[in-house]
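Structure first, then comments.
Any value given below was found using the heavy atoms of this structure, including those in side chains, with hydrogens, waters and symmetry copies removed.
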Amino acid sequence: NLENGDVMLLENIRFYPEETKGDIAFAEKLSKLGDAYVNDAFGAAHREHASTATIARFFPNDKYFGFLMEDELKNLQKLMKNPSKPFTAIVGGSKVSSKIDILKNLAPIVDNIIIGGGMTYTFLKAMGINIGTSICENDKVDLAKDLIKEMEKQNTKLILPVDHIIADEFDNEANTLNTDNQSIPDGFMGMDIGQKSIELFKNIILESKTILWNGPMGIFEMPSFSKGTFVVAEYIA
């Protein structure tokens with residue numbers, strides 16, 4: 001029933017399990033809703049899902065990327081080919097596994113890699129430091145060790161938090177402490193970077209000429225553990 005100039009907006013596609021499975025029949029159904037396919041979801045473009053990868057098969061001659069994707073690719077090419085030095089990458093988020101390729105590709109190019117967020121604790125464990133009950137990908141500890149060696153080989157400075165905001169529960173109202181070093185006592189989990197880490201990161205950020213930022217410094221969705229992420233954003237600005 002669409003007329004010229006009309007737009008149809010579908011509900012969130014991730015309500016459907018077929019989306020994340022990359023289901024072919026589901027993608028074909030979606031493809032019948034249009035004559036051309038445009039992907040402008042840069043943040044999801046790496047996922048092999050029905051609406052991002054599978055659907056493109058049904059548009060052999062009419063598949064495109066949008067203006068946001070174009071801008072992001074231009075910026076990345078500028079960063080990878082001709083960055084102003086010092087070049088600092090700030091990489092956060094919960095999982096080392098989802099950032100391995102980013103870290104490997106950045107190691108030969110950047111001067112500094114600042115690590116924050118949940119992935120911090122996998123790296124600290126790889127260095128033999130106590131992390132309490134913090135999130136940790138135990139099967140990626142050896143990989144973290146390899147990445148540390150790779151960065152040393154490339155003369156890339158790896159900067160990890162030197163202190164933490166810790167809590168006895170994964171809850172905004174939990175009992176919290178600021179550690180005075182990298183070690184986290186048993187029964188506590190790391191939730192954000194501490195004050196010393198904020199100062200350390202600040203100095204590196206302010207001395208940098210190029211910054212690539214990917215991922216938060218802590219559980220920023222909870223106000224009690226959002227300071228590190230927001231302060232880093234302010235220093236970058």
Exercise. Determine whether I113 and M151 make a side-chain contact, defined as any pair of heavy atoms from C-beta on separated by less than 4.5 Å.
Key: yes
Quiz item: Looking only at heavy atoms, which two atoms of F59 and G34 are closest? And how far apart?
Solution: CE2-O, 3.5 Å
Quiz item: Does V38 reach the side chain of F65, with side-chain heavy atoms less than 4.5 Å apart?
Solution: no
Exercise. Indicate the atoms forming the closest heavy-atom contact of S51 with I55, along with that distance.
Key: O-CG2, 3.4 Å
Exercise. State, yes or no, whether a side-chain contact exists between I90 and N214 at a heavy-atom distance under 4.5 Å.
Key: no
Quiz prompt | Between CG on residue N178 and CG on residue D180, distance to nearest 0.5 Å | solution = 8.5 Å
Self-check item: Full working for side chain to side chain contact (heavy atoms under 4.5 Å, CB included) between L33 and L10
Solution: CA-CA 10 Å; L33 298 171; L10 304 182; 3.8 Å; yes
Practice problem: Look at the side-chain heavy atoms of Ile, Leu, Val, Met, Phe, Trp and Tyr, link any pair under 4.5 Å apart, and say whether L124 and L177 land in one connected group. | Solution: yes
Quiz prompt | I236 vs I205, side chain to side chain contact (heavy atoms under 4.5 Å, CB included): CA-CA, chis, key distance, verdict | solution = CA-CA 6 Å; I236 294 171; I205 288 166; 4.1 Å; yes
Quiz item: Which residues satisfy the side chain to side chain donor-acceptor pair (under 3.5 Å) test with D146, sequence neighbours excluded?
Solution: none
Quiz item: Is I114 close to I204 at the side-chain level, that is, under 4.5 Å between some pair of heavy atoms?
Solution: yes
Quiz item: Listed by chain and number, what are the ring-ring contact (aromatic ring centres under 6.0 Å, His included) partners of F58, not counting sequence neighbours?
Solution: none
Quiz item: Taking side chain as C-beta onward, heavy atoms only, is I166 less than 4.5 Å from M189?
Solution: no
Practice problem: Please answer whether the main-chain N or O of S84 pairs with a side-chain N or O of T210 as donor and acceptor at a distance below 3.5 Å. | Solution: yes
Quiz item: Which pairs count as ring pair (Phe, Tyr, Trp, His ring centres under 6.0 Å) when at least one residue sits in residues 119-174, sequence neighbours excluded?
Solution: Y121-H164
Quiz item: If you look at every heavy atom in I135 and S94, which pair is closest and at what distance?
Solution: CD1-CB, 3.9 Å
Quiz prompt | Distance in Å, I219 CD1 paired with I165 CD1, rounded so as to fall on 0.5 Å steps | solution = 12.5 Å
Quiz item: Pairs in or reaching into residues 36-61: which pass salt bridge (Lys or Arg N to Asp or Glu O under 4.0 Å), with residues at least two apart or in two chains?
Solution: none
Exercise. Treating Ile, Leu, Val, Met, Phe, Trp and Tyr as nodes and any side-chain heavy-atom pair under 4.5 angstrom as an edge, say whether F188 and M217 lie in one connected cluster.
Key: no
Quiz item: If you group Ile, Leu, Val, Met, Phe, Trp and Tyr by side-chain heavy-atom gaps below 4.5 Å, do I211 and L200 land in one group?
Solution: yes
Quiz item: If you take all heavy atoms of I115 and F201, which pair is closest and at what distance?
Solution: O-CZ, 3.9 Å
Show me the side-chain donor-acceptor pairs of residues 154-161 shorter than 3.5 Å, one per line, residues at least two apart or across chains.
unit_1, atom_1, unit_2, atom_2, d
Q154, NE2, E150, OE2, 3.1
T156, OG1, A107, O, 2.4

Self-check item: Name of the residue among D163, V232, V231 meeting side chain to side chain contact (heavy atoms under 4.5 Å, CB included) with I198
Solution: V231
Exercise. Working to the nearest 0.5 Å, report the span between OG1 of T120 and CD1 of I131.
Key: 10.0 Å
Quiz item: M191 and F220: same hydrophobic cluster, using ILVMFWY side-chain contacts below 4.5 Å?
Solution: no
Quiz item: Stepwise, does the ring pair (Phe, Tyr, Trp, His ring centres under 6.0 Å) test hold for F26 with Y16?
Solution: CA-CA 9 Å; F26 185 65; Y16 296 86; 5.5 Å; yes
Exercise. Please identify each residue that fulfils side chain to side chain contact (heavy atoms under 4.5 Å, CB included) with S183, with sequence neighbours left out.
Key: I129, N130, N181
Quiz item: Do any pairs count as a side-chain hydrogen bond (donor to acceptor under 3.5 Å, both in side chains) and have a residue in residues 223-237, sequence neighbours left out, and if so which ones?
Solution: N172-S224, Q195-K227
Quiz item: Can you name the residues that form a salt bridge (charged side-chain N to carboxylate O under 4.0 Å, His left out) with D142, not counting sequence neighbours?
Solution: K145
Self-check item: Over 12 foreign heavy atoms within 6.0 Å of CZ, F42
Solution: yes
Exercise. State the CD1-NZ distance between I100 and K140, to the nearest 0.5 angstrom.
Key: 6.0 Å
Practice problem: Of all the heavy-atom pairs spanning A144 and A126, show the shortest one and how long it is. | Solution: CB-CB, 3.9 Å
Quiz prompt | Spacing of CG belonging to N1 relative to CG belonging to D6, to within rounding of 0.5 Å | solution = 9.5 Å
Exercise. Quick one: which residue pairs count as a salt bridge (Lys or Arg N to Asp or Glu O under 4.0 Å) with a foot in residues 90-114, not counting sequence neighbours?
Key: K85-D111
Expected list for residues 67-83: side-chain donor-acceptor pairs under 3.5 angstrom, two or more places apart:
unit_1, atom_1, unit_2, atom_2, d
N75, ND2, D71, O, 3.2

Quiz prompt | Backbone N/O of E199 and side chain of N203: donor-acceptor pair under 3.5 Å | solution = yes
Quiz item: Is the gap between the ring centers of Y37 and Y64 under 6.0 Å?
Solution: no
Quiz item: What is the minimum heavy-atom distance between P185 and T179, and which atoms define it?
Solution: CD-CG2, 4.5 Å
Quiz item: Roughly how far apart are S97 OG and D139 CG, rounded to 0.5 Å?
Solution: 7.5 Å
Quiz item: Quick one: salt bridge (Lys or Arg N to Asp or Glu O under 4.0 Å) pairs with a partner in residues 121-137, sequence neighbours left out?
Solution: none
Practice problem: With the side chain counted from C-beta on, respond yes when I13 and L30 share a heavy-atom pair under 4.5 Å apart, and no when they do not. | Solution: yes
Quiz item: According to a 4.5 Å side-chain heavy-atom criterion applied to Ile, Leu, Val, Met, Phe, Trp and Tyr, with indirect links allowed, do F225 and M119 form part of one hydrophobic cluster?
Solution: no
Exercise. Scan residues 25-35 for pairs that pass salt bridge (Lys or Arg N to Asp or Glu O under 4.0 Å), counting only residues two or more places apart or in two chains.
Key: E28-K32
